[in-house]
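Every chain is numbered from 1, with letters handed out A, B, ... down the list of sequences. Heavy atoms only: backbone and side chains are in, while hydrogens, waters and symmetry mates are out.
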2 protein chains.
Amino acid sequence: MPRRATIIEVAREAGASKTSVSRYFAGERDKLSPALCERIAAAALRLDYRPNQMARGLKGGHSRLIGMLVADIRNPFSVAVMHGVERACREQGLALLVCNTDNDPELERTHLALMTSYQVEGLIINASGSPDAELQALTDRGLPLVLLDRELGAVEADLVGLDNARAIDLALDHLAEQGYGELLYLSEPPERASPRRERLTRFQAGLTARRLTGEAYTMSGSDEELARNIEAFLTRSAPKGSGEVPRALLCANGAVTLAATRALLRLGARLGKTGLMGIDELDWCALIDPGITTLAQPTEAIGQQAIASLLAKPGNQADAKARQHRFEPRVIARGSTRLSG
Amino acid sequence: MPRRATIIEVAREAGASKTSVSRYFAGERDKLSPALCERIAAAALRLDYRPNQMARGLKGGHSRLIGMLVADIRNPFSVAVMHGVERACREQGLALLVCNTDNDPELERTHLALMTSYQVEGLIINASGSPDAELQALTDRGLPLVLLDRELGAVEADLVGLDNARAIDLALDHLAEQGYGELLYLSEPPERASPRRERLTRFQAGLTARRLTGEAYTMSGSDEELARNIEAFLTRSAPKGSGEVPRALLCANGAVTLAATRALLRLGARLGKTGLMGIDELDWCALIDPGITTLAQPTEAIGQQAIASLLAKPGNQADAKARQHRFEPRVIARGSTRLSG
DNA sequence: TTGTACGCGTTATCAC
DNA sequence: GTGATAACGCGTACAA
């Protein structure tokens, strides 16, 4: 059973020293004579040598590993961002250690410990719980950290994500333009995830600014309960004697859009007559009959920015101020917000 | 900037030797006196010590790392399997290094090299190209290997995936039962992915066995072209003077189902009257009007089996025969294969 | 430009 | 039971 060749064997095969081989693979070939380079290259090829990253990491702390902690790997948004992160890593010669917490704070702690035990050089966190203390300890130790999508109060770290206020503004403007005057905002429980809070807050502020009426409903129970609440919203009589005003639903993210669509279809609502708009673009949004209007996040850009932020960190200098990188979404207008249909 | 404590510091703090501390964390506590255990535990806690996996991996080759190479991370099926893999890893105290090849054989080679440089203890491969030589070299070196979903001719390794023949049989039986007699099988180019070939072959064999008529179309071009072909299939006159027979589409995987649904809706077809069935269950299949009938793969089980197979490999003994673990799908019948609708 | 010697944090081996 | 010591494969002063 042939073992993998080590740097020593390559050195012997090439008639050179460890040091030279090491330099060769560390990208310092310009400091070697062309002849030596050639010999080393040939030897390495013959022996199929690859530097052992474990040993490399042990020495200088250069593991070339980036850790990414995702709250829900089955969320297409997370995967899309991960795709961007991966591409950026590849361009930098970094490897990506991915852990999924399934929104379990306990698991999150476990995985955090796991990743640090592999001496990751940077950490991208899409938090499920509030591991503030653990994370702060890591940044204090000089580990570059980037928060993805979800903010964490007590941690000084860059944040990369959506411009939630702008997103809600775009949504409200679009809905108002299309003639919807009474809105129902649907969200998952906003307690633990900062974007949910930001979006909800902005929604409520945005209503009054635009003289719209509306309310928010937090999904917690069953599909049935959601459907009941939507039905109540759609069927109750218009307020204050004003004439009948078109009503629309605004969904805080992809999961909510799915649930809301299911509910609307079950209620027999006609999309468009009943407005429907969601944050996060999904495969199937164009398929549901007149098409569902969405706000698409630039997931690839978000992913790449996460790595860029990580790399921009002055390594050990923790003096750099935490920055925010907020990306603007794009409105994809479809039939579900077209009254004339 | 506080560094992470090392085993030496813990040993000193606990008044013990490196060896004992190492044993403590290697799970050999039963070979230590309770008193020593206690002292080590206390010292480790005080210093917030965590074993350095890099150093561990260097010594014994025990990186506790599993590599997973995915052809397309944005395919929900892959993510679902990955979820199962991850869970299994966690239960075994393993970490998962995930790489996405975006179906690029070049990238696949790169990532393969990357993973081995991290001394992964096992590899799960959902192949994009045919890195047979590289993989065989790895198994020869004693690295446990599992092929996921896609077979690779020249490599002796376990395969975990769908029972494709059974899946097609189930689909054909279901369609025939529901009264569809003329079928169009839609697939992506079958050249490089073994499941596509297996499914296609079985489809053609299954037709004659059931006295159904049908044909296969390989998607390669645009949506428009697909729509044209589907339209041609749906509108041409019945063969051999037999009366009009209900027609149905069978989609080889989730991506195809999406494209086919788009095409059908554009053509204004009524689902059910025109049958539609797809392999792979997706979020939105229940949403499209009468519901789209699917074959759901047991993704979680597949993922867990992949790790189980990896761990079952006798490590260095390459004598173990390559086994196949074929899972049976489940029919989720919906309106798209109900003629009466 | 090239080679020598040491250390990174851990585990395995062998004494006690 | 416990402890000293030698690897593991590599990077890097430092010397030549």
Side-chain angles (χ1 to χ4, degrees), chain A residues 2-41 43-44 47-65 93 113 116-121 141, chain B residues 2-41 43-44 47-65 93 95 116-121 141:
Chain A
R3 248 185 50 272
R4 177 153 302 278
T6 77
I7 200 171
I8 296 190
E9 296 166 319
V10 176
R12 194 187 319 131
E13 176 87 6
S17 73
K18 284 200 321 180
T19 313
S20 300
V21 180
S22 172
R23 285 195 178 127
Y24 180 86
F25 283 99
E28 303 174 22
R29 309 185 189 187
D30 46 345
K31 298 188 175 179
L32 298 179
S33 71
L36 226 199
C37 272
E38 195 120 349
R39 267 159 43 221
I40 294 178
L47 270 52
D48 191 29
Y49 167 74
R50 312 241 195 255
N52 181 329
Q53 287 292 348
M54 286 286 164
R56 278 190 161 175
L58 185 53
K59 183 60 187 172
H62 294 329
S63 65
R64 304 305 289 161
L65 260 186
T116 60
S117 79
Y118 280 97
Q119 315 296 106
V120 292
E121 289 187 44
R141 199 174 288 130
Chain B
R3 245 184 53 272
R4 183 158 290 285
T6 77
I7 201 172
I8 296 190
E9 296 167 319
V10 176
R12 194 185 320 130
E13 176 87 7
S17 72
K18 289 200 306 183
T19 314
S20 300
V21 179
S22 172
R23 284 190 178 128
Y24 180 86
F25 283 99
E28 302 173 21
R29 310 188 189 186
D30 47 345
K31 298 186 175 180
L32 298 179
S33 70
L36 227 199
C37 273
E38 194 120 350
R39 264 156 49 216
I40 294 177
L47 271 52
D48 192 29
Y49 166 76
R50 312 239 196 256
N52 181 330
Q53 287 292 348
M54 287 284 163
R56 279 189 163 175
L58 182 54
K59 180 59 187 173
H62 295 329
S63 66
R64 304 305 288 163
L65 260 186
T116 60
S117 79
Y118 279 98
Q119 314 296 103
V120 292
E121 289 186 46
R141 199 174 287 130

**Q** Are A/Ser17 and C/dT4 close enough that a side-chain N or O sits under 4.0 Å from OP1 or OP2?
**A**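 No, no such contact exists.
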**Q** For a quick check of understanding: with a heavy-atom distance under 4.0 Å over all strands, which category does A/Ala16 fall into, base, sugar-phosphate or nothing?
**A**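 Counting heavy atoms under 4.0 Å across all strands, the contact made by A/Ala16 is with sugar-phosphate only.
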**Q** Report yes or no: does A/Arg23 contribute a side-chain atom to a donor-acceptor pair with the main-chain N or O of A/Glu28 at less than 3.5 Å?
**A**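 Side chain of A/Arg23 to backbone of A/Glu28: no pair is present.
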**Q** How would you label the contact of B/Leu32 with the nucleic acid (heavy atoms, under 4.0 Å): base, sugar-phosphate, or nothing?
**A**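 Sugar-phosphate, no base atom in range.
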**Q** Looking only at atom types and distance, does a side-chain atom of B/Glu9 sit under 3.5 Å from a main-chain N or O of B/Thr6, one as donor and one as acceptor?
**A**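 Present.
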**Q** Using 0.5 Å steps for rounding, measure from the CG atom of B/Leu47 to the CZ atom of B/Arg4.
**A**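 CZ of B/Arg4 is found 10.0 Å from CG of B/Leu47.
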**Q** Just N and O in the side chain of B/Tyr49: are any of them under 4.0 Å from OP1 or OP2 of C/dT10?
**A**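 Checking C/dT10 against B/Tyr49, a side-chain N or O does come within under 4.0 Å of OP1 or OP2.
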**Q** Go through the N and O atoms of the side chain of A/Lys18 and the base of D/dG11, and report whether any donor-acceptor pair is under 3.5 Å.
**A**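 In this structure, the two groups form a donor-acceptor pair.
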**Q** Students often get this wrong, so: under 4.0 angstrom with heavy atoms, is B/Tyr24 touching a base, only sugar-phosphate, or nothing?
**A**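 If one applies the 4.0 Å heavy-atom cut-off, B/Tyr24 turns out to touch nothing in the nucleic acid.
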**Q** Ignoring hydrogens and geometry, is there a side-chain-to-backbone donor-acceptor pair from B/Arg39 to B/Gly15 under 3.5 Å?
**A**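 Such a contact is found between B/Arg39 side chain and B/Gly15 backbone.
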**Q** Would you indicate which nucleotide in D/dC14, C/dA12, D/dT2 comes nearest to any side-chain atom of B/His62?
**A**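 For the B/His62 side chain, the nearest candidate turns out to be C/dA12.
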**Q** May I ask you to verify if any side-chain N or O of B/Ser22 is less than 4.0 angstrom from the OP1 or OP2 atom of C/dT11?
**A**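 Looking at the OP1 and OP2 atoms of C/dT11, one of them is under 4.0 Å from a side-chain N or O of B/Ser22.
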**Q** Assign B/Ser33 to base, sugar-phosphate, or nothing according to its heavy-atom contacts below 4.0 angstrom with the strands shown.
**A**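 Touches sugar-phosphate only.
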**Q** Can you check the A/Phe25 CZ to D/dG9 P distance for me, whole Å?
**A**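 Taking CZ of A/Phe25 and P of D/dG9, I get 16 Å after rounding.
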**Q** Out of D/dC10, C/dT2, C/dG9, which has the shortest distance to the side chain of A/Ile7?
**A**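 It is D/dC10.
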**Q** Using a cut-off of 4.0 Å on non-hydrogen atoms, how would the nucleic acid contact of B/Thr6 be classed: base, sugar-phosphate, or nothing?
**A**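 If one applies the 4.0 Å heavy-atom cut-off, B/Thr6 turns out to touch the sugar-phosphate alone, with no base involved.
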**Q** Round to a whole Å and report the spacing from CD of B/Gln119 to C1' of D/dC10.
**A**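 The distance from CD of B/Gln119 to C1' of D/dC10 comes to 12 Å, rounded to the nearest Å.
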**Q** Working to the nearest 0.5 angstrom, can you tell me the gap between B/Arg64 CZ and B/Gln53 CD?
**A**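 CD of B/Gln53 is found 8.0 Å from CZ of B/Arg64.
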**Q** From the set D/dC14, C/dC14, C/dT10, return the single nucleotide nearest to any side-chain atom of B/Arg23.
**A**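 Closest of the options to the side chain of B/Arg23: C/dC14.
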**Q** Which comes earlier along DNA chain D counting from the 5' end, the contact point of B/Asp30 or that of B/Lys59, where each point is its nearest nucleotide?
**A**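 Mapping each residue to its closest nucleotide by heavy atoms, the 5'-most match is B/Asp30.
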**Q** Using a cut-off of strictly less than 4.0 Å, decide whether A/Arg56 has a side-chain nitrogen or oxygen near OP1 or OP2 of D/dC10.
**A**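 No, A/Arg56 has no side-chain N/O under 4.0 Å of OP1/OP2 on D/dC10.
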**Q** On the nucleotide C/dG3, are OP1 or OP2 found under 4.0 Å from the side-chain N or O atoms that A/Ser20 carries?
**A**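 It does, given that an N or O in the side chain of A/Ser20 lies less than 4.0 Å from OP1 or OP2 of C/dG3.
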